[in-house]
Amino acid sequence: MKTTWLKTAIAIAAGALSTQALAAGFALNEQSISGMGTSFAGRSSSADDATTLFGNPAGMSRLKREEVSFGVAAIHANTDIKNASGAPGSNDGDMVPFTAVPMGYYVKPIDDKWAVGVGVYVPFGLITDYEGGFSGRYHGDYSEVRVITVQPTVSYRFNEKLSIGFGPTINRIDGKLESAVPPMMGASDSRVKIEGDDTALGFNVGVLYEFTPHTRAGITYRSKVDYTLEGDTKITGNDPLLAGAQAYGKYDASLDLETPESIDVSVTHELNDQWTLYAGAMLTRWSRLEAIVVENEGVPAAVAGSFGTISEEQDWHDTWSYAIGAAYKLNKQWTLRTGLAFDQSPTNNTHRSPRIPTGDRTAVSFGLAWNPTDDVTVDLAYSYLWEEDTKIRQDSYNATYENSAHGFGAALSYRF
């Protein structure tokens, strides 16, 4: 009876790991629609609009007018599951519903040196909803986790070349995860549902250096964030053996989770009045996720040895992502963008689960900016990503996943 079902509780952390978002691990990339158009190349050096508050807070010093920007990115993912073996059931794939990721930013220059702003964005999140009777349901068939961040920010421009920026982040994480419990004596599955949440602090700091009026480089450090999720684990069903062990009920649960720090470095070069080139790389310290440990209170004595403290090895590794991009200014009103990115996956073949079936991925993006007036910019973007074939090798479920996704974005920026 040991923990096929209660390992699902461990997935309250693994559930924070984004399975089909447009970034690897549990990160979402969709904090800027203008950046999405270049596959986020130049994220820490472009400083084109108020979304620089996330990409590099030092870039706020380049904005000359008060500016507000609101946007939304939508993700449509596709998964083909092949060569599956496990519990009797189906492997339809396409478990990620059409999902929207909102964002909003406000930046106000105080004078020629100081600027302040605030941003609201979603750095991590997922929704996966497998069909009823999914063959891998004992390892997770429903996951919904999100992190919402509020970031008040300030920047200071030392001179015409050097600027810095800093913003504390207030991060709210919450999630719900469900999976089936294999029958011990009965004919039907039981269910486990875990819910938890927490609020924790981090920070975002950046430096922007302008070598010339046409060439600039930026570096941004986003801190790790330590969460202790508090919630409950609820077990339901009618299996006689689980009922006899008093396993059914609701238990207080807690789980420590670290979201990793990252360093983004990029360069932006304005080749001439029409062409701008971008390049960037980001290191994310996923190796912090070595194991997940769940503490459950009030577990009956008969099963306390198995279910009081549950741990599961993850053994993730640090990753690099790389991107190049370009923008072409057709005229005063229209700008075209494109980009190409490569993103490593932190997971490994030994511990990968159906909740996080990701592999190394490649993405190509296209964007369009329309400036009907000097005060207004409308940004549109489209991305397509595809992953290498990804293998899951669990004790009771084996499969090969072929993942791809379409991303769509739209944003409106207004300058006062």
Which residue in the set S34, S413, S69, S32 passes side chain to side chain donor-acceptor pair (under 3.5 Å) when paired with D49? S34

For V150 and V118, what are the C-alpha separation, side-chain angles and deciding distance, and is it a side-chain contact (heavy atoms from CB on, under 4.5 Å)? CA-CA 7 Å; V150 178; V118 63; 4.2 Å; yes

Are more than 12 heavy atoms, taken from residues, nucleotides or ligands other than W370, located less than 6.0 Å from that residue's CH2 atom? no

Do T268 and T276 come close enough that some side-chain heavy atom pair is under 4.5 Å? yes

Answer yes or no: is there a side-chain heavy-atom contact under 4.5 Å between I81 and Y130? yes

Please determine if E210 and R157 form a salt bridge, counting it only when a charged side-chain N lies under 4.0 Å from a carboxylate O. yes

Would you mind reporting whether L340 and T362 have side-chain heavy atoms less than 4.5 Å apart? yes

Taking Q151 for the side chain and L53 for the main chain, is one N or O donor matched with an acceptor at less than 3.5 Å? yes

Ring-plane angle category for F416 and Y414, please: parallel below 30°, perpendicular beyond 60°, tilted otherwise. perpendicular

Do E195 and K176 sit within salt-bridge range, that is, some charged N less than 4.0 Å from a carboxylate O? no

Is there a side-chain contact (heavy atoms from CB on, under 4.5 Å) between D256 and D226 once you walk through the steps? CA-CA 7 Å; D256 292 334; D226 294 317; over 6 Å; no

Side-chain (S143) to main-chain (I127) donor-acceptor, under 3.5 angstrom: no

Step-by-step side chain to side chain donor-acceptor pair (under 3.5 Å) determination, S179 to D141: CA-CA 5 Å; S179 65; D141 55 13; 5.7 Å; no

R285 with D318: basic N within carboxylate O range, under 4.0 Å: no

Charged N to carboxylate O under 4.0 angstrom, D379 versus R337? yes

Do the side-chain N and O atoms of E261 and S223 include a donor-acceptor pair separated by under 3.5 angstrom? no

Within-4.5 Å side-chain heavy-atom neighbours: W114 and P109: no

Is any side-chain heavy atom of K82 closer than 4.5 Å to one of E402? yes

Starting at CG of N331, measure out to CD of Q274 and round the result to the nearest 0.5 Å. 9.5 Å

Heavy-atom closest pair, residues S163 and A58: O-CB, 3.6 Å

Heavy atoms only: give me the nearest G140-F134 pair and the separation to one decimal. O-CE2, 3.8 Å

Please determine whether salt bridge (charged side-chain N to carboxylate O under 4.0 Å, His left out) holds for the pair E67 and K108, giving the CA-CA distance in whole Å, both sets of side-chain angles, and the decisive distance to 0.1 Å. CA-CA 7 Å; E67 181 173 331; K108 180 178 177 58; over 6 Å; no

Measure from the ring center of Y382 to the ring center of Y384 and say whether it is less than 6.0 Å. no

Closest heavy-atom pair, L385 versus A363, reported as atoms and distance to 0.1 Å, is CB-CB, 3.8 Å

Could you tell me whether R415 and D374 have a side-chain N and a carboxylate O separated by less than 4.0 Å? no

Kindly say whether S266 contributes a backbone atom to a donor-acceptor pair with the side chain of S44 at under 3.5 angstrom? yes

Taking the six-membered ring of Y227, is NZ or CZ of R172 closer than 6.0 Å to its centre and within 45° of its axis? no

What do you reckon, are the aromatic ring centroids of F70 and Y106 less than 6.0 Å apart? no

Centroid separation under 6.0 Å, is that true for the rings of Y156 and F166? no

Please determine if R216 and E270 form a salt bridge, counting it only when a charged side-chain N lies under 4.0 Å from a carboxylate O. yes

Would D273 and K329 pass as an ion pair if we require N to O under 4.0 Å? no

Kindly indicate, with the supporting measurements, whether the criterion side chain to side chain donor-acceptor pair (under 3.5 Å) is fulfilled by S254 and E230. CA-CA 5 Å; S254 66; E230 300 286 349; 4.6 Å; no

Report yes if some heavy atom in the side chain of R146 is under 4.5 Å from a heavy atom in the side chain of D174; otherwise report no. yes

Would you check, one step at a time, whether the test side chain to side chain donor-acceptor pair (under 3.5 Å) holds for N403 with T79? CA-CA 5 Å; N403 299 320; T79 298; 3.0 Å; yes

Do I194 and V192 have side chains that get closer than 4.5 Å, going by heavy atoms? yes

Would you say V107 and R65 make side-chain contact, with heavy atoms under 4.5 Å? no

Tell me whether H317 contacts the main-chain N or O of S345 through its side chain, where contact means a donor paired with an acceptor under 3.5 Å. yes

Any donor-acceptor N/O pair, N159 side chain to K161 backbone, under 3.5 Å: yes

Can N371 and T377 be said to form a side chain to side chain donor-acceptor pair (under 3.5 Å), step by step? CA-CA 5 Å; N371 295 275; T377 300; 2.4 Å; yes

Is a side-chain donor or acceptor of T284 paired with a backbone partner of W286 at a separation under 3.5 angstrom? no

Flag, side chain of R352 to backbone of K391, donor-acceptor distance under 3.5 Å: yes

Under 3.5 Å donor-acceptor, T169 side chain and G202 backbone: yes

Is it true that Y397 and N91 share a donor-acceptor pair across their side chains at a distance under 3.5 Å? yes

Single hit among V101, V147, T149 for side-chain contact (heavy atoms from CB on, under 4.5 Å) with V122: V101

Hey, is the main chain of Q31 close enough, under 3.5 Å, to the side chain of Y105 for a donor-acceptor pair? yes

Full working for side-chain contact (heavy atoms from CB on, under 4.5 Å) between F342 and S321: CA-CA 6 Å; F342 174 76; S321 61; over 6 Å; no

What distance separates T220 OG1 from L208 CG, expressed to the nearest 0.5 Å? 8.5 Å

Does T347 use its side chain to pair, donor to acceptor, with the backbone of T358 at less than 3.5 Å? yes

In sequence, state the C-alpha distance, the side-chain angles, and the governing distance for R222 and F54, and then conclude on side-chain contact (heavy atoms from CB on, under 4.5 Å). CA-CA 9 Å; R222 278 176 280 276; F54 171 84; 3.8 Å; yes

Yes or no on ring-ring contact (aromatic ring centres under 6.0 Å, His included) for Y322 and F40, after CA distance, side-chain angles and deciding distance? CA-CA 9 Å; Y322 308 93; F40 305 100; over 10 Å; no

Out of K234, K193, R191, which residue meets the side chain to side chain donor-acceptor pair (under 3.5 Å) rule with E178? R191

